[in-house]
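Just below is one structure, and these are the notes that go with it.
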Amino acid sequence: MSDDERYDALAIEPAIAQRWYDEGTYTLADDHPGEPYYALTMFPYPSGDLHMGHGEIFSLHDALVRHKRMTGHAVLNPIGWDAFGLPAENAAKKRGADPKQWTYDNIEEQRSSIVRLGYSFDWSTRLHTCDPEYYRWTQWIFLELFGADLAYRKDALVNWCPGCQTVLANEQVVDGLCERSDDPVERRPLNQWFFKITDYAQELLDDLDTIDWPERVKTMQRNWIGRSEGAEITFATADGDDEVVVSTTRPDTIFGATYFVFAPEHPLVAARMGDDAEYAAFMDAVSKRSEIERMSTSDDRGKRGLRLNFDMTNPFTGEAIPAYAADYVLMDYGTGAIMAVPVGDQRDFDFARQEGLRIDVIIRPTDGDGNLLEELDADTMTEAYTGPGVMVNSGDYDGMTADEAKAAIIRDVESKGWGTGKVNVRLRDWLISRQRSWGAPIPIIHCGACGEVPVPVADLPVRLPDDLDWAVDGSPLALHPTWKHVACPSCGGDAVRDTDTMDTFVDSSWYFLRYLAPNDDTQAWTREAADRWLPVDQYTGGVEHAILHLLYARFFVKALRDRGHLAASEPFQALLNQGQVILDGSAMSKTRGNLVVPAEVYDQYGADTLRGTMLFASPPEDDIDWADVSPAGMHKWLSRVWRLSLEHGMPDTADVGSDGDVATLRKATHGTILAVSADYEAKKYNTAIAKMMELTNAVQAAAHAGVAGAAMREAVTTIHLLLAPVCPFITEELWTRLGHVGSIHDQAWPEADESLLVEAEVSVIVQVNGKVRGKITVAADADEATTIAVATGDDNVAKFLGDGEVVKTIVVPGRLVNFVVR
RNA sequence: GCCCCGGUGGUGGAACUGGUGAGACACGCGGGACUCAAAAUCCCGUGGCCUUCGAGGCCGUGUGGGUUCGAAUCCCACCCGGGGUACCA
């Protein structure tokens with residue numbers, strides 16, 4: 001074979017890739033026929049060139065997209081960049097670069113790699129969240145939420161990352177550390193902007209049942225939202241001067257509430273304790289205890305407590321119970337105060353033992369069927385009892401099960417005006433202020449006379465100034481000499497802009513909507529387009545966004561729906577989380593020095609090999625260890641396809657070779673179409689490729705058997721069509737070389753001729769006592785008696801049947817016969 | 001601790017809703033052909049053990065039990081690995 005005929009990916013791919021980009025081949029025409037299909041992949045963050053993770057996710061996504069196009073869908077496949085964020089600012093500070101320049105340089109590098117790899121994005125949709133044309137509408141959404149009372153400012157103890165010099169959302173704090181910089185997060189009281197995501201907690205929980213997402217992601221969201229049912233009950237101080245509301249999930253255990261605990265920061269504690277020296281020392285000790293220690297995983301985290309100078313009254317027993325402040329009660333969960341039931345709560349139990357407090361038994365354990373078990377003994381029990389039971393020592397509620405008592409007590413609490421049944425959620429409102437400057441400015445003006453004044457929509461965008469000094473300590477935007485000074489839009493007096501920017505997760509919470517109208521400078525998107533395309537049919541991306549991005553985007557869609565901007569309740573109908581690309585068992589990273597980049601692979605073997613390797617390596621959800629895969633193997637197979645295609649795929653009218661060999665090949669061809677089509681629908685690309693390899697082997701075998709002509713051309717053409725979504729370049733090139741007109745990617749997906757797959761005979765497994773002893777061949781429509789007769793006639797089967805008595809015979813038509821012999 | 005998800009050859013992974021001799025396909029490895037040689041390519045072999053070397057037998061899907069005519073697949077207990085989460089009242 002001459003050099004010209006050898007498979008040389010590097011000689012064919014770049015030109016095709018450039019042509020697709022230059023000609024806008026994959027721009028979706030407005031009048032494109034077919035059912036709308038919105039395929040979305042998480043837009044990249046421009047931190048440098050593409051990494052292998054992008055290679056995997058985009059290869060997966062593009063195979064899906066190209067397959068959908070070939071099956072007749074109008075596929076919306078947009079691309080953009082999540083381009084605001086701290087890394088740009090850090091690079092600016094470290095190297096004196098302009099964040100904008102740094103960002104755009106990286107975007108250009110990534111764009112070039114994406115094009116080179118043949119990913120068929122619609123470039124007309126391209127957007128960058130850092131462009132004023134984009135963040136203008138991010139600001140508009142902020143104002144929409146502000147208008148709906150879903151954006152508000154409050155003083156709160158917030159998470160402060162000293163490394164990033166900004167506050168963080170709860171979702172961005174992982175084990176007490178900043179998810180980005182790993183610095184220990186501090187708690188600081190600050191006045192900050194929040195989005196009221198908690199208003200949607202119930203719906204965010206309920207609608208998880210309507211979407212086709214991996215179960216573990218749904219579970220993570222459910223846990224994060226953390227709904228629990230209980231009650232809020234008012235306790236009075238023993239002197240009757242103050243009332244305090246507690247939140248509990250176990251109102252049934254209220255007769256066992258033998259003491260009361262406040263969070264150390266609780267206002268009533270401060271009010272009552274004043275400048276008590278012991279209290280001051282206690283507060284000092286508590287505040288020194290870092291967040292990370294408070295959240296530590298060790299079991300021996302002691303509970304710090306302080307007996308307060310007053311008591312509380314248990315409304316049900318009328319008894320005065322001692323009040324404590326302790327750090328195991330958190331000010332920002334529930335109401336910051338609890339009724340402590342040591343018999344039924346492990347933390348209360350631990351604290352009671354530590355402080356020598358009374359433990360009252362108010363429940364008698366039962367088993368799952370309600371049968372009474374041994375009574376608890378307050379003196380000897382070693383841990384709280386949290387299982388099922390019936391109430392004892394609980395007044396009128398004695399004899400009720402815990403569940404019955406819970407309902408009854410909530411009812412009585414409500415009728416007596418002591419409180420209400422209450423659903424509690426763990427989810428907190430989303431803190432979106434950031435004291436950074438490479439982000440979308442919060443479009444609010446603070447006026448001494450008018451308060452918080454929203455920037456008029458007509459004045460959007462609130463632009464970042466071009467002359468920020470990125471080298472300053474602190475926030476460049478806040479320290480800019482003039483930017484923040486403006487006239488109040490309401491009264492015209494002197495006022496200042498809010499100098500914080502929005503969390504970049506705000507930018508990414510709606511980009512899939514902007515893709516519907518990326519160049520519209522009159523509106524963020526159109527209602528018609530949103531209703532046509534949403535929800536996204538298939539979203540692909542990493543599981544690291546299971547809570548953050550995926551929860552925020554769901555919240556945005558619901559809030560925007562309620563403002564009349566779209567009809568959908570969920571942004572992403574189906575979600576696929578691809579695995580990570582790792583090397584030798586650990587994540588790739590520059591600092592580890594184990595980085596493999598896509599460019600290395602496509603410069604050596606070509607983009608098709610990279611794409612094929614990624615998809616063949618494992619099911620999409622599994623991690624790929626690059627040390628275990630073989631781009632060389634994939635390249636070898638593509639070379640075989642290339643060679644066999646050019647040798648046997650040229651136009652020909654008549655079949656050559658024996659009828660049997662031709663029939664075998666055609667059967668393989670059409671069987672492969674059937675099987676591979678099913679695999680594509682199920683996104684099982686690894687087995688789809690394996691089946692294409694089998695067909696390739698069948699072509700090779702047919703060639704050895706002397707088959708040529710139409711059946712051979714049909715077989716190799718089928719491989720090309722089935723492979724086109726995975727390896728778009730080699731298939732495009734072969735399509736042309738084999739004399740077809742147009743692009744293979746515009747072809748209809750092949751359909752199997754199932755009449756070719758009908759088998760006259762089937763092979764049937766024969767078992768004796770469940771062990772396989774033979775394999776027979778019978779007519780496909782053979783009846784049971786015939787099948788049994790043939791099975792009995794098999795020599796090896798007969799040997800095992802011996803003289804035994806057949807007590808039972810199981811026949812699964814077309815599959816197996818099992819003789820049970822005694 | 002709690003909640004998920006997994007444990008299949010040397011490796012990545014196959015195996016329909018329990019039913020075609022578990023291990024497709026590929027990598028790796030071994031052997032052969034071609035070649036002066038190498039590369040490339042093509043062919044054969046490749047879970048373990050036994051074997052009278054036959055289209056034979058036994059064992060084998062983390063471990064131990066169980067259900068079934070039949071279990072990688074279902075049930076129970078345990079071991080190991082990964083992920084999530086955690087003083088949330």
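Sequence lines set the chain letters: A, B, ... in the order given, protein chains first and strands last, and positions in each chain run from 1.
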Would you please confirm or rule out a distance under 4.0 Å between OP1 or OP2 of A26(B) and any side-chain N or O of N697(A)? yes

Can you sort out the partners of T792(A) under side-chain hydrogen bond (donor to acceptor under 3.5 Å, both in side chains), two or more places apart, ordered by chain and number? none

Which part of the nucleic acid, if any, lies within reach of F616(A) when heavy atoms closer than 4.0 Å are counted: base, sugar-phosphate only, or nothing? base

For D622(A), give me all partners under side chain to side chain contact (heavy atoms under 4.5 Å, CB included), at least two apart in sequence or on another chain. S618(A), P619(A)

side-chain N/O K775(A) vs G21(B) OP1/OP2, d < 4.0 Å: no

Taking only the side-chain heavy atoms of S763(A) (C-beta and beyond), determine which of U20(B), G83(B), G70(B) contains the nearest atom. U20(B)

According to the interplanar angle, ranging from 0 to 90°, do the rings of Y324(A) and F351(A) count as parallel (below 30°), tilted (30 to 60°) or perpendicular (above 60°)? perpendicular

All side chain to side chain contact (heavy atoms under 4.5 Å, CB included) counterparts of A678(A), not counting sequence neighbours: none

Results of side chain to side chain contact (heavy atoms under 4.5 Å, CB included) for N796(A) - residues two or more places apart only: R773(A), D794(A), K799(A), F800(A)

Counting N and O atoms only, with roles assigned by atom type, does the side chain of Y385(A) sit under 3.5 Å from a partner on the main chain of P388(A), one being a donor and the other an acceptor? yes

Under 4.0 Å, counting only non-hydrogen atoms across every strand here, what does S247(A) touch: a base, just sugar-phosphate, or nothing? base

Heavy atoms from C-beta onward define the side chain here; which of C69(B), G13(B), C25(B) lies closest to that of S618(A)? G13(B)

List, with names and distances, any nitrogen or oxygen atoms from the protein found under 3.5 Å away from nitrogen or oxygen atoms belonging to nucleotides 75-77 of chain B.
none

Produce a footprint string for nucleotides 37-42 of chain B: one letter per nucleotide, 5' end first; B if the base is under 4.0 Å from any protein heavy atom, S if only the sugar-phosphate is, - if neither. ----SS

What does the B/S/- profile of nucleotides 45-60 of chain B look like, 5' to 3', with a 4.0 Å heavy-atom cutoff to protein? -----------SSSS-

Give RNA chain B the dot-bracket treatment, 5' to 3': Watson-Crick (N1-N3 with N6-O4 or O6-N4) or G-U (N1-O2, O6-N3) under 3.5 Å, [ ] crossing, | other strand. (((((((..(((......[.....)))((((((.......))))))((((.....))))..(((((..]....))))))))))))....

Please work out which residues in residues 676-687 of chain A have a non-hydrogen atom less than 4.0 Å from an atom of RNA chain B and list them by number. K684(A), N686(A), T687(A)

Pairing residues for Q346(A) by the side-chain hydrogen bond (donor to acceptor under 3.5 Å, both in side chains) criterion, not counting sequence neighbours: D350(A)

Using a cut-off of 4.0 Å on non-hydrogen atoms, how would the nucleic acid contact of R222(A) be classed: base, sugar-phosphate, or nothing? nothing

E229(A) and K406(A): salt bridge (Lys or Arg N to Asp or Glu O under 4.0 Å), yes or no, with the steps? CA-CA 10 Å; E229(A) 286 182 15; K406(A) 184 171 175 179; 5.7 Å; no

For nucleotides G45(B) and G54(B), find the distance between their P atoms and express it as a whole number of Å. 15 Å

The glycosidic conformation of G9(B), counting syn as within 90° of 0 and anti otherwise, is syn

Holding to side-chain hydrogen bond (donor to acceptor under 3.5 Å, both in side chains), I want the full list of residues that pass it with H670(A), two or more places apart in sequence or in another chain. E714(A)

Checking Y259(A) side chain against D348(A) main chain: does a donor-acceptor pair fall under 3.5 Å? yes

Looking at residues at least two apart in the chain, or sitting in another chain, which of them share a side-chain hydrogen bond (donor to acceptor under 3.5 Å, both in side chains) with Q202(A)? D206(A), R227(A)

Determine the interplanar angle of the F262(A) and H266(A) rings, folded into 0 to 90°, and report it as parallel if under 30°, tilted if 30 to 60°, perpendicular if over 60°. perpendicular

Side chain of S228(A) (C-beta onward), nearest among C69(B), A89(B), C25(B): A89(B)

Determine the contact category for T248(A): base if any of its heavy atoms lies under 4.0 Å from a base atom, sugar-phosphate if only primed atoms, P, OP1 or OP2 are that close, otherwise nothing. sugar-phosphate

Taking donor-acceptor contacts at under 3.5 Å, does the side chain of R227(A) reach the base of C88(B)? no

Under-4.0 Å side-chain N/O to phosphate OP1/OP2 contact, R304(A) with C87(B): no

Aromatic rings F255(A) and F316(A): how do their planes relate, parallel, tilted or perpendicular, breaks at 30° and 60°? perpendicular

